[in-house]
There are 2 protein chains.
Amino acid sequence: MSSDATPTAPAALELEPQAVEVIERYWAERASGPSRKILIGATLAFAELGYHGASTRAIAARAEMSPAAVYIHFSSKVELFHHIALEGHKTSTGAFNEPADLVSDPASKLRIGVASFATFNAEMNTFSRTIEYEMRLHHDRRFADVWRLRRGVEEHMRRILQAGVDEGVFRIADIEWMKILLLSNCIDIARWYRHESPHTPLALGFRYADLAMSLVGATTP
Amino acid sequence: MSSDATPTAPAALELEPQAVEVIERYWAERASGPSRKILIGATLAFAELGYHGASTRAIAARAEMSPAAVYIHFSSKVELFHHIALEGHKTSTGAFNEPADLVSDPASKLRIGVASFATFNAEMNTFSRTIEYEMRLHHDRRFADVWRLRRGVEEHMRRILQAGVDEGVFRIADIEWMKILLLSNCIDIARWYRHESPHTPLALGFRYADLAMSLVGATTP
DNA sequence: GCTGAGACTAAGCGTATGCTTAGTTTTCTC
DNA sequence: GAGAAAACTAAGCATACGCTTAGTCTCAGC
């Protein structure tokens with residue numbers, strides 16, 4: 001039995017070059033100097049190897065530093081992941097909340113919120129997917145703030161749908177179900193989207209916005 | 001910096017009791033004796049801790065065996081995961097393909113295929129989610145068979161949609177996009193569904209089937 | 001009951017892990 | 001330029017990891 005064990009370790013996932021660029025640009029806007037290099041390296045390592053599969057040595061190598069240097073800037077591996085997950089969720093939830101808050105009627109909120117959220121998940125597909133998948137293993141107190149952000153988007157979506165129904169512009173039989181469905185659509189983009197897809201993230205966002213309007217039975221043209 | 005490292009390891013994810021039962025029943029139907037115990041233990045460990053986070057000791061403990069006993073039945077940890085992923089994908093793809101193959105017209109194929117696939121992903125949410133998430137880290141040759149099964153469902157869905165358009169019963173502007181959308185809806189159920197949800201997997205399957213018929217603009221009542 | 005095969009274990013191996021330490025290098029301020 | 005603080009490294013620690021080995025136990029067949 002043991003003699004047929006394959007000597008090859010699982011190969012690291014090959015990331016799309018554009019996905020790497022997106023991640024580098026993302027952290028360039030939010031961190032500088034060595035911290036930035038570590039955040040980029042860690043994000044890439046987590047994306048390619050998973051949280052537990054990514055050793056601090058792998059992270060450090062991608063940051064072109066020694067493993068010990070990582071601890072100058074982040075107190076632990078899990079704290080590093082927490083930082084990435086929190087920042088990622090702030091951006092992700094902001095991608096939905098902020099555009100929706102720029103308009104006042106429910107239909108526009110829904111359209112622009114969904115478009116923006118879908119675009120974000122397509123553009124940041126590798127980043128979003130990684131955090132999404134790895135967050136399931138982190139339910140301890142340290143990550144309570146991240147989980148809270150997620151619940152905030154659900155609540156926001158529910159309020160938009162409720163307002164639309166109250167104003168008679170949405171025809172929804174089951175708001176809770178519609179909320180789940182609309183968010184599910186947007187979130188799953190991170191799983192399947194690749195930059196080589198025929199649609200740009202922006203175009204995809206419009207598609208999902210149109211779909212959302214259709215699903216809620218929006219009465220506006 | 002290092003002095004504020006939290007001494008607590010990430011807590012193992014708490015699985016829904018019903019999710020545990022589902023997994024136990026699943027393997028009861030496909031394995032017996034010690035192999036079954038190992039498959040159950042490993043599936044639970046992977047679900048709670050992730051692939052890399054689940055040590056062979058954790059797997060063995062859940063199977064109530066020693067770590068060495070696992071190697072009598074499975075040649076390596078990765079082979080154990082491969083076995084679980086392959087079996088899971090055979091069942092998952094079967095959940096779509098087999099019901100759809102029982103009927104001949106595209107509308108019925110779509111309805112029954114989606115209903116069945118959605119029901120499967122809800123019922124087996126923990127199992128599906130775990131495999132889905134961990135499969136992204138396994139792209140080496142060993143897992144080619146698993147990846148092939150996934151592509152088979154996509155192809156099948158595309159053929160159903162094409163047949164519906166050819167026969168004039170579906171009104172779809174972009175078949176490729178519709179294919180992605182319909183499968184995305186079903187697959188993402190595994191991410192969000194919990195057994196404590198108000199809808200049973202079966203009821204959810206019908207909802208998704210209705211949604212699919214609506215989305216393709218099916219002309220049959 | 002005996003024997004051999006298969007299943008199983010305790011112990012351990014070689015290696016990897018997250019993290020620390022002591023020393024070195026770099027940067028910043030005066 | 002000097003000194004202090006910050007950033008960084010090589011080396012190493014304590015522990016965990018996937019897996020093997022040698023011995024023990026259990027089961028099935030005769």
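In what follows, chains are A, B, ... by sequence order, proteins preceding strands, each numbered from 1.
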Worksheet entry | A:I72 CD1 - C:dT21 P separation (whole Å) | 12 Å
Worksheet item: According to the salt bridge (charged side-chain N to carboxylate O under 4.0 Å, His left out) rule, which pairs have a member within residues 81-93 of chain A, sequence neighbours left out?
Response: A:R30-A:E87
Find every protein N or O atom lying less than 3.5 Å from an N or O atom of nucleotides 23-26 of chain D, and list the pairs.
none

Worksheet item: Is it true that B:E155 and B:R150 have a side-chain N and a carboxylate O under 4.0 angstrom from each other?
Response: no
Fill in: Check: B:F143 ring centre within less than 6.0 Å of B:F81 ring centre
yes
Worksheet item: Between atom CZ in A:F74 and atom C1' in C:dC19, what is the gap in whole Å?
Response: 16 Å
Discussion item. Are A:W147 and A:H139, when compared by the centres of their aromatic rings, separated by less than 6.0 Å?
Written reply: yes
Under 3.5 Å, which N/O atoms of the protein pair with N/O atoms of nucleotides 15-18 of chain C?
residue	atom	partner	partner atom	Å
C:dG18	OP1	A:K77	NZ	2.6
C:dG18	OP2	A:T56	N	2.6
C:dG18	OP2	A:T56	OG1	3.1
C:dG18	N7	A:R57	NH1	3.0
C:dG18	O6	A:R57	NH2	3.0

Practice prompt. Starting at OH of A:Y208, measure out to CG of A:L204 and round the result to the nearest 0.5 Å.
Written response: 5.5 Å
Worksheet item: Rounded to whole angstrom units, what separation is found between the CZ atom of B:F81 and the P atom of D:dC17?
Response: 18 Å
Worksheet item: What is the distance from CZ of B:R36 to C1' of C:dA7, rounded to the nearest Å?
Response: 17 Å
Worksheet item: Tell me: CD of B:E79 to C1' of D:dG18, nearest whole Å?
Response: 15 Å
Worksheet entry | Spacing of A:M65 atom CE relative to C:dC19 atom P, expressed in whole Å | 17 Å
Fill in: Ring geometry between A:W27 and A:H83 (parallel below 30°, tilted from 30 to 60°, perpendicular above 60°)
tilted
Response to the item:
Closest of C:dC8, D:dT9, D:dT21 to the A:A68 side chain is D:dT9
Discussion item. Nearest to the A:A69 side chain among D:dT21, D:dT9, C:dC8, which nucleotide is it?
Written reply: D:dT9
Worksheet item: When the ring centroid of B:Y51 is compared with that of B:H138, is the distance short of 6.0 Å?
Response: yes
Worksheet item: Do the side chain of A:K77 and the main chain of A:S55 share a donor and acceptor less than 3.5 angstrom apart?
Response: no
Discussion item. Is it the case that over 12 heavy atoms from other parts of the model lie below 6.0 angstrom from the CD atom of A:E64?
Written reply: no
Worksheet entry | Nucleotide nearest A:H73 when distance is taken to its side chain, options C:dC19, C:dC8, D:dA7 | D:dA7
